[in-house]
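Here is the structure we will look at, set down as structure tokens.
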Amino acid sequence: MNLDALKDILNLVREHELAEFEMEHDGLKVRIRKAGREYVVTQAAPAAAPAPLASVASLAAAAPAVAAPPPPAVDAGVSLAVIKAPIVGTLYRSAEPGSKPFVEVGSIVKKGQVLCIIEAMKLMNEIECECDGEIVAAYVDNGQPVQFGDRLFAVKLS
Amino acid sequence: MNLDALKDILNLVREHELAEFEMEHDGLKVRIRKAGREYVVTQAAPAAAPAPLASVASLAAAAPAVAAPPPPAVDAGVSLAVIKAPIVGTLYRSAEPGSKPFVEVGSIVKKGQVLCIIEAMKLMNEIECECDGEIVAAYVDNGQPVQFGDRLFAVKLS
Amino acid sequence: MFNKILIANRGEIALRIICACREMGIKTVAVYSQADEHSLHVRFADEDVCIGPARSADSYLSVPAIISAAEITGADAIHPGYGFLSESAYFAEVCEACHIKFIGPDPNVIRLLGDKARARRAMKKAGVPILPGSDGPVSGEEEAIKVAKELGYPLIIKAVAGGGGRGMRIVRNAEELPKNVKTAMREAEAAFGLGDVYLERYVEAPRHIEIQVMGDHHGNVVHLGERECSVQRRHQKLIEEAPSAALTDKQRKKLGATVVEAARAVQYSNAGTFEFLLDATGSFYFLEVNTRLQVEHPVTEFVTGIDIVKEQIRVAAGQRLSVRQGDIEFRGHALECRVNAEDPVTFTPSPGLITAYSVPGGPGVRVDSFVHSDCTVSPYYDSLIAKIITYGRDRNEAIARMKRTLEMTVIEGIKTSIPLHLKILNDPDFVAARVNTSFMERFMPDKTAGKGKLAESA
Amino acid sequence: MFNKILIANRGEIALRIICACREMGIKTVAVYSQADEHSLHVRFADEDVCIGPARSADSYLSVPAIISAAEITGADAIHPGYGFLSESAYFAEVCEACHIKFIGPDPNVIRLLGDKARARRAMKKAGVPILPGSDGPVSGEEEAIKVAKELGYPLIIKAVAGGGGRGMRIVRNAEELPKNVKTAMREAEAAFGLGDVYLERYVEAPRHIEIQVMGDHHGNVVHLGERECSVQRRHQKLIEEAPSAALTDKQRKKLGATVVEAARAVQYSNAGTFEFLLDATGSFYFLEVNTRLQVEHPVTEFVTGIDIVKEQIRVAAGQRLSVRQGDIEFRGHALECRVNAEDPVTFTPSPGLITAYSVPGGPGVRVDSFVHSDCTVSPYYDSLIAKIITYGRDRNEAIARMKRTLEMTVIEGIKTSIPLHLKILNDPDFVAARVNTSFMERFMPDKTAGKGKLAESA
């Protein structure tokens, strides 16, 4: 990630008047919080590489990068909501292979609208949006596994 | 120890213009430091009773009450020197049983004067004063064992 | 052999299973609730999956979450540990349906032995000594009165689906019977959704003796000797040992052979424990079968030298048992103390931050634990934080080692049961191995409270 | 039996001895230097005495300080551990003169076996195979040339008072001899105050095999089998094991019997270790006797089930050995890794604050250590911070356990030798037990540097 990319993100954050913005992609993690004036850019360790001799203390720090406040599947920021996986399984962005995704970044969504499907034990579980707004981020690609609590989408509340 | 005894000690400390005063007797430990305005009176745990489940951290705190800055047998305070045991052994305050002690509180001493004897491996080791001054405290009673580094006498430098 | 095993558990047993898998070169998947994300089992597994929030029902007890975790990670087997889903025939069936090997007995065996009345009948048929009682559930008061006349008093009413003392009632005379049958049925209905109860003769102050068995899918079954677990409080074992000082070699052989026969009769595979009561006259009575790994398996590992978890994995993968009965030698004596995060006097849980943790080494000491300095003991799960196991050439040496180990153990920040363990280890009756399931009562803050549910109607 | 034992040592071995004393109900006195005042051995002894400043010469090596500490505390015996004063005949004599029992062999036995030339003669007389060489010190160049003609090359020059490679020279041909004799004598004079040297045949890349013996004051001597300690760097052992894969049962019995005879011949009592070189043809050659407890004694404890430290205390108190040779059974295989606070590549010491410390449990793991989270490793003493010992039914299982144990060990804040141990454990030659005293060279950052003093003249 270069400085320009970071500037662009910061501009977007200002433009959209976001209180909080978080993005993770290819081991890079960006977290921006406006209220607390907290700007964080960390190079996250690749998920699959354990660090057997890192300290117990640093273990806590190296905990899953998605470490997030617990249960409610929707995290109400000042103006941003993050939709999290309520179950473990495989995520599908569209109803059938090859068909159009349920939503994409920029889609305007309504409460109750299906955002994606998580397959668990051969069952297709539709994940619905719990608020009205605009999709500003989609964290998980089609066909990828998700864990409980993983971030799926960010929605700018309208 | 009652309040009056404490007052007496504090008066002594003021009277002698001591920077630091430390005393341990029958499980009671008093530490007074004038410079840092630190007044401590603690009931020390009986030496023979181990506290098997105290924390490792508090272990450090529970370390021998005589924990003292290392080697030099004389600790130069602002106006006070503390003579410490240079060897392990049994302390004798006088040359022979029944005879007069080498020094007592209030004795005026000279550098090189014998303060006491420490017996180690049947050898009588004379412990000499390393400064001129007045004995203001004698920490160890006649016939008592001393460890390396134990405080023996406090000398107000003249 | 398996490529990747998912461990459907947490705490010390999850780490114990990771150790076995690593020794066998098998990859591991940890599952964890949000409360456990910083746990060592998550750190030392090759992969990990968050399966739900802190509440067990939504994470460690959630069959869909665990099966999904196995599917997204490609695990080909699941080790359930103890507790949670380890004795769920339903979970074992789902695993089977999903082509994931459940490391434990077959689902139908779990189901058979999980039903106390059916298990009793099967054991009786296989020649295992059982307590005189109704052969199956009683239909109600009238049948109970009829059965009780034959049995005599005291007797005990037990829920068919029982566990943990719920649905249990001790009855000392005929007058108390009708009321207690009703209460027990109501309790069983409330606790297990099944009101069926049965009657059995009640043994006063028995010893708790259990036999460890291992079976493979080739018809081989061996026993690994007995454990004595009489030191317990409200059915929670506190100190276990192997061998039991109460058994003669002859009894050990006989009981072992009986259990092996019975296990074979029900086509038992994998690890299991047959629990017995031993009364004052030296008679054994079948209690139940635990169709899983036990918390106290390390004492058996110490005296036999056999790694029970590795053996479980081997037989689940279709291999033969690595030992025959004749190869199994018992050597020395082992004790286990379950160190719980709880007040040693009042038994109230004591979760929180462990600020200092250190356990001494030396010969004959094993410590299975998941805690460390600066680790938080979660309030969501059971209070077991460490199993301290000691081994000696004889019982006295094992006890002396346990005492010095507990005395030199430092756990700060939370309260633990260690002071209670030390009291027990210094008790002359314990030292003389004069124990039974009532032994612990003398250490209870309030004796009537200590007797628990069983005492209420006594 | 003793009432109170003073432990003239520090670190893990002081704790190990405290464990043994507690198991036997004997009170303990810890001695410590000012650098160790917060050490666990001080905390867990019944009494403690500060005996001097950090420098060993003024504390742990100070005979008057330690004897005084024993006198003021009324200790009736002293356990010297290993290192420090453990092989000082003088210290043992002073103890005797002060009526304090020294837990070790008699002073005259320590003195005899501490003199390499005398020990060699005594062993030869007792029928122990020794390397061909000068029977005693050579007077100078001329005698050396004469002896060398009979011996042939390569040969090794050793200091009579030697140890740690000082005063040692390997000589590969006649031309190199005179110069090396002179250098070795000068080195020996400088290092030990005694310039006497002797010549021996030099064995290329031998295995290091040692036999553990135990004797009492009633003429009983037993051996507890062998240990293989070929994995060493500059005579510092890194990994030890029992049994050695290089010995047949027949060789084990024969060597054991020879050593027991020799120990009896010198009236050996208490614990001792007879070290041998094993050459490529299967011949053993006596090296030296360590008249004390060894660092690596736990591997022997694992395979025999015997507590060597408790046995030492028993025989020092005049009791008979608790076992006869016929009672000693060897079972399974044990490995020890010495975890040092040092850089695993450059071997430079790494003292400092340990910020996190955790070692896994599970079956077959023993950890003897004195460190814990938030503990400082002092720069004043040797770098050993933990001995990790694993046991398995066979060598492969012991290795697999060691690997998973080291992989799951967390030691933060300082560097440790664990990565080096893991490299060794994964080496195909190590796995196949193809090791000798040159094995470690392949792990050296700079091979010539790694060969140390011995290589300089080679």
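By convention in this document, chain letters (A, B, ...) are assigned in the order of the sequence lines, proteins followed by strands, and residues within each chain are numbered from 1.
Along residues 13-23 of chain C, the residues that come nearer than 4.5 angstrom to chain D, judged on non-hydrogen atoms, are Leu15(C), Arg16(C), Ile18(C), Cys19(C), Arg22(C), Glu23(C) in order of number.
For Tyr381(C), the ring pair (Phe, Tyr, Trp, His ring centres under 6.0 Å) partners two or more places apart in sequence, or in a different chain, are Tyr60(C). When the salt bridge (charged side-chain N to carboxylate O under 4.0 Å, His left out) test is applied to Asp394(D), no partner is found at least two apart in sequence or on another chain. Judged as a salt bridge (charged side-chain N to carboxylate O under 4.0 Å, His left out), and not counting sequence neighbours, the contacts of Glu397(D) are Lys310(C), Arg401(D).
The closest donor-acceptor contact from the side chain of Arg366(D) to the backbone of Gly362(C) lies under 3.5 Å. Remark: the backbone N or O of Gly361(D) is not paired with any side-chain donor or acceptor of Asp368(C) at under 3.5 angstrom.
Note: Glu329(D) leads Met402(D), Lys403(D), Glu329(D) in heavy-atom pairs under 4.5 Å with chain C. Counting heavy-atom pairs under 4.5 Å between each of Ala386(C), Gly364(C), Pro363(C) and chain D puts Pro363(C) at the top. When the candidates Lys387(C), Arg331(C), Met24(C) are compared by the number of heavy-atom contacts under 4.5 Å with chain D, Arg331(C) comes out ahead.
For NZ of Lys27(D), the number of neighbouring non-hydrogen atoms (other residues, nucleotides, ligands) closer than 6.0 Å is 12 at most.
In this structure the side chain of Met408(C) never reaches within 4.5 angstrom of the side chain of Leu40(D), judged on heavy atoms. Looking at heavy atoms from C-beta onward, His372(C) lies out of side-chain contact with Val410(D) at the 4.5 angstrom threshold.
Of the atoms belonging to Thr304(D), it is backbone heavy atoms, and not side-chain ones, that fall under 4.5 Å from chain C.
Of all heavy-atom pairs spanning Ser322(C) and Arg393(D), the tightest one is OG-NH2, 2.9 Å.
Distance check: Thr355(C) OG1 to Asp374(D) CG gives 9.5 Å after rounding to the nearest 0.5 Å. Between the CZ atom in Phe44(C) and the CD atom in Glu407(D) there is a gap of 9.5 Å [rounded to 0.5 Å].
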